[in-house]
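To start, the structure itself, in structure tokens.
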Amino acid sequence: MVGDIHSNTRVVGWREWASLPSIGIPWIKVKVDTGARSSALHAFELEELPGDRVRFTVHPWQDADGDATVVEKPIHDRRVVRSSSGHTEERIVVLLELALAQQTVLAETTLSNRDQMGFRMLVGREALRQGFVVDPGRSFLAGRAPREVRRRNRGRWGSGAASTPPRGT
């Protein structure tokens, strides 16, 4: 009920602009998915490293491969996840700071290939229960990214991946 919403709870739409500050990604368009337990991030070139660490690359834009970010993080967990198509697979889980609607939370995030999906990241229930409620009929309640960012996300800018050092260590 509306009366049960706490003053520190943020209302978000079914899709939003967010950031992943701990890995240096200032903008990423996310789908808010109450049907998913954990969050999921499009990651490729996964390489397990000694000491329970993983190195992976993130393309934050939906229709472009620019601004690739190489990240190294500790492996938090491994989970068997059932995808929306019904397939199960074991995925690596890392902890990422997620900044959404002017609130930053720690999100358990699985790494998977979301190349064929419309969004590079899903925000699941574990992150949402840290202070968010979802209005499924609305979008971008936290505000829109600047026009330049939205153009990049649609692939309407120069191509080529930026060479960046590993982030998030």
Side-chain angles (χ1 to χ4, degrees), residues 9-36 38-47 54-73 81 83-85 91-128 130-169:
T9 301
R10 311 283 180 158
V11 179
V12 296
W14 73 272
R15 59 183 173 168
E16 293 287 350
W17 283 98
S19 69
L20 302 171
S22 62
I23 61 171
I25 296 181
W27 295 102
I28 187 166
K29 194 158 126 183
V30 302
K31 179 179 179 183
V32 178
D33 187 356
T34 60
S38 54
S39 299
L41 177 65
H42 173 60
F44 58 101
E45 297 175 357
L46 270 73
E47 178 185 356
V54 63
R55 178 183 300 131
F56 56 96
T57 304
V58 177
H59 284 162
W61 311 124
Q62 284 177 238
D63 294 324
D65 62 1
D67 293 341
T69 301
V70 178
V71 179
E72 286 184 19
K73 297 291 285 181
V81 177
S83 70
S84 58
S85 62
R91 294 185 190 168
I92 292 174
V93 180
V94 296
L95 296 177
L96 295 177
E97 286 182 345
L98 170 70
L100 175 62
Q102 299 177 338
Q103 184 167 325
T104 301
V105 298
L106 198 57
E108 291 186 349
T109 306
T110 64
L111 304 176
S112 66
N113 184 337
R114 298 187 50 77
D115 222 12
Q116 302 302 313
M117 305 304 233
F119 292 85
R120 296 295 189 176
M121 184 170 191
L122 291 181
V123 177
R125 291 188 310 271
E126 288 179 341
L128 294 170
Q130 296 178 62
F132 302 96
V133 293
V134 182
D135 182 340
R138 306 213 26 220
S139 299
F140 308 119
L141 295 178
R144 290 189 179 269
R147 185 172 188 225
E148 165 73 11
V149 171
R150 295 191 320 264
R151 288 178 56 81
R152 279 185 175 189
N153 192 57
R154 293 189 300 266
R156 297 183 187 163
W157 65 294
S159 63
S163 176
T164 58
R167 299 185 185 182
T169 54

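Remember, predicted model here, so these are calculated numbers, not experimental data.
Between the side chain of R55 and the backbone N or O of E47 there is no donor-acceptor pair closer than 3.5 Å. Judged by distance alone, with hydrogens and angles left aside, the side-chain atoms of S39 form a donor-acceptor pair with the main-chain N or O of G124 at under 3.5 Å. Within the 3.5 Å criterion, the main-chain N or O of L100 finds no donor-acceptor partner in the side chain of E16. Although no hydrogens or angles enter the test, the distance criterion places no donor-acceptor pair under 3.5 Å between the side chain of S38 and the main chain of E108. For R91 (side chain) and L111 (main-chain N/O), no donor-acceptor pair under 3.5 Å exists by modelled atom type. In this structure, the side chain of R10 does not engage the main chain of F132 through any donor-acceptor pair within 3.5 Å.
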Decide side chain to side chain contact (heavy atoms under 4.5 Å, CB included) for F44 and H42; before the verdict, give the C-alpha distance in whole Å, the side-chain angles of both, and the deciding distance to 0.1 Å. CA-CA 7 Å; F44 58 101; H42 173 60; 3.9 Å; yes
Given side chain to side chain contact (heavy atoms under 4.5 Å, CB included), test T109 with M121 step by step and report yes or no. CA-CA 9 Å; T109 306; M121 184 170 191; 4.2 Å; yes
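I28 contributes atom CD1, which lies 9.5 Å from atom OG1 of T69 (distance to the nearest 0.5 angstrom).
G131 approaches Q103 most closely through the heavy-atom pair CA-NE2, 3.7 Å. When all heavy atoms of N153 and W61 are compared, the pair lying nearest together is OD1-CA, 3.4 Å. Residues T104 and E97 share a closest heavy-atom pair of CG2-CB, 4.1 Å. Minimum heavy-atom separation, S19 to P26: CB-O, 3.0 Å.
Within the structure, side chain to side chain donor-acceptor pair (under 3.5 Å) pairs that include any residue of residues 130-139 comprise W14-S139, R15-S139 (at least two apart or interchain).
In this structure, V12 and L141 have side chains that are not in contact, with every pair of non-hydrogen atoms separated by 4.5 Å or more. Residues V71 and L20 are not in side-chain contact: their nearest non-hydrogen atoms beyond the backbone lie 4.5 Å or more apart. In this structure, the side chains of D67 and W27 stay at 4.5 Å or more apart for every pair of heavy atoms. Proximity of F56 to I92: side-chain heavy atoms (C-beta onward) are nowhere separated by under 4.5 Å.
Tested against L96 for a side-chain contact (heavy atoms from CB on, under 4.5 Å), the candidates I23, V105, L106 yield a single pass: I23.
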